[in-house]
Amino acid sequence: MLIDIHLEDRKVLVVGGGKIAERKTLQLLDSGSEVTLVGQGFTKKLIELDKSGQVNLEKKDVVDGILPLYRKLEPSIIIIASNNKLLNEKVAKEARTLGSLVCVVDNPSLSDFFIPAVAKVDNIRIAVSTKGKSPAMAGVIRSRVEKMITMKDIHSVELQSYARNIAKNHILSPNERRKVLLQIIENNKINTFLENDQVSEAKDLVKKIIVQAGNCN
């Protein structure tokens, strides 16, 4: 089961400063997290992010553990992504006693969750997970999925958001609202408008459909 966790303004501790830690950090920043990284060395990109105030770098050796840093930050999530497998295992065992969710990028068996590869096109997000078995294949499948998303799909998401806001004011029954919203998705005329980038025309028709449905109720 995949769960989309709301990470905006959540504190996250990343152990490591290499390329893998960098990739995970960029994903976290995209989710609005407050990210602190701890390690003995950091990539050029991470140093740039630190200088611009987007992340906080702590240059420390975690061989003796992360408890002092944990008490200072109280992170919701700990991601362990150093280049040292044995160190990752040691830190993971400590981290799992501290009350945060833990992800060890090179050891799914020690992880509470996995970070999926995410296909991102406009407002659409599709997660691809191999349960930690093959991050490389997750990335390949993500690329395939991104190519499948069309401009019509993007318009449809925008139109559904518009339709939901109007429907709340005109159709009181949640069940009836769902029916109407599904009818809008399947409406051939609306789909033709979207395929031709005629979003304004689609919105006009959607409004008429919703108002009529509301009057019938």
Between [X] and [Y], is there shared hydrophobic-cluster membership here, with clusters defined by ILVMFWY side-chain heavy atoms closer than 4.5 Å?
X	Y	result
Val211	Val180	no
Leu57	Val14	yes
Leu46	Ile66	no
Ile185	Leu159	no
Ile20	Leu29	yes

How long is the gap from [atom1] on [X] to [atom2] on [Y], to the nearest 0.5 Å?
X	Y	atom1	atom2	result
Tyr70	Leu98	OH	CG	5.5 Å
Phe113	Ile77	CZ	CD1	4.5 Å
Leu172	Asn175	CG	CG	12.5 Å
Arg125	Asn123	CZ	CG	7.0 Å
Arg164	Leu181	CZ	CG	7.5 Å
Glu89	Ser82	CD	OG	10.0 Å

Has the side chain of [X] got a donor or acceptor atom that lies under 3.5 Å from a matching backbone atom of [Y]?
X	Y	result
Glu58	Thr36	no
Asp122	Ile154	no
Ser161	Val157	no
Arg177	Ile171	yes
Glu195	Lys152	no
Thr130	Ala138	no

Are any non-hydrogen side-chain atoms of [X] and [Y] less than 4.5 angstrom apart?
X	Y	answer
Leu110	Val102	no
Arg178	Pro174	yes
Lys120	Asp30	yes

| Polar contact flag, side-chain donor to acceptor under 3.5 angstrom, Asp153-Ser156 | no
| message | When you compare the side chains of Asn107 and Asn88, does any donor N or O come within less than 3.5 Å of an acceptor on the partner? | response | no
Looking only at non-hydrogen atoms, find the nearest pair between [X] and [Y] and report the distance.
X	Y	result
Ile190	Ala202	CG2-CB, 4.3 Å
Leu67	Glu94	N-OE2, 3.3 Å
Ser100	Pro75	OG-O, 2.6 Å
Lys59	Gln40	CE-O, 3.0 Å
Phe114	Pro108	CE2-CB, 3.4 Å
Leu37	Gly16	CD2-O, 3.5 Å

| Please, which pairs that meet side chain to side chain donor-acceptor pair (under 3.5 Å) have at least one residue in residues 196-207, sequence neighbours excluded? |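 Qualifying pairs: His155-Asp197, Glu158-Lys203.
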| Which pairs with one or both residues in residues 8-25 pass side chain to side chain donor-acceptor pair (under 3.5 Å), sequence neighbours excluded? | Glu22-Thr43
| task | Quick one: do Glu48 and Lys51 satisfy salt bridge (charged side-chain N to carboxylate O under 4.0 Å, His left out)? Show the steps, please. | result | CA-CA 5 Å; Glu48 290 174 355; Lys51 288 180 178 178; over 6 Å; no
For the side-chain contact (heavy atoms from CB on, under 4.5 Å) test, which of [options] pairs with [X]?
X	options	value
Ile184	Ile210, Asn191, Leu205	Ile210
Val145	Ile124, Val140, Val121, Ile126	Ile126
Ile79	Val15, Leu13, Leu28, Val35	Leu28

| message | Looking at Lys45, I'd like to know if its NZ atom is crowded, meaning that more than 12 non-hydrogen atoms belonging to other residues, nucleotides or ligands lie closer than 6.0 Å. | response | no
| request: Look at atom CG of Asn83 and say whether more than 12 heavy atoms of other residues, nucleotides or ligands are closer to it than 6.0 Å. | output: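 It does not: Asn83 CG has 12 such atoms or fewer within range.
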| Chi angles and distances behind the side-chain contact (heavy atoms from CB on, under 4.5 Å) call for Ile78, Val91 | CA-CA 10 Å; Ile78 299 173; Val91 175; 5.5 Å; no
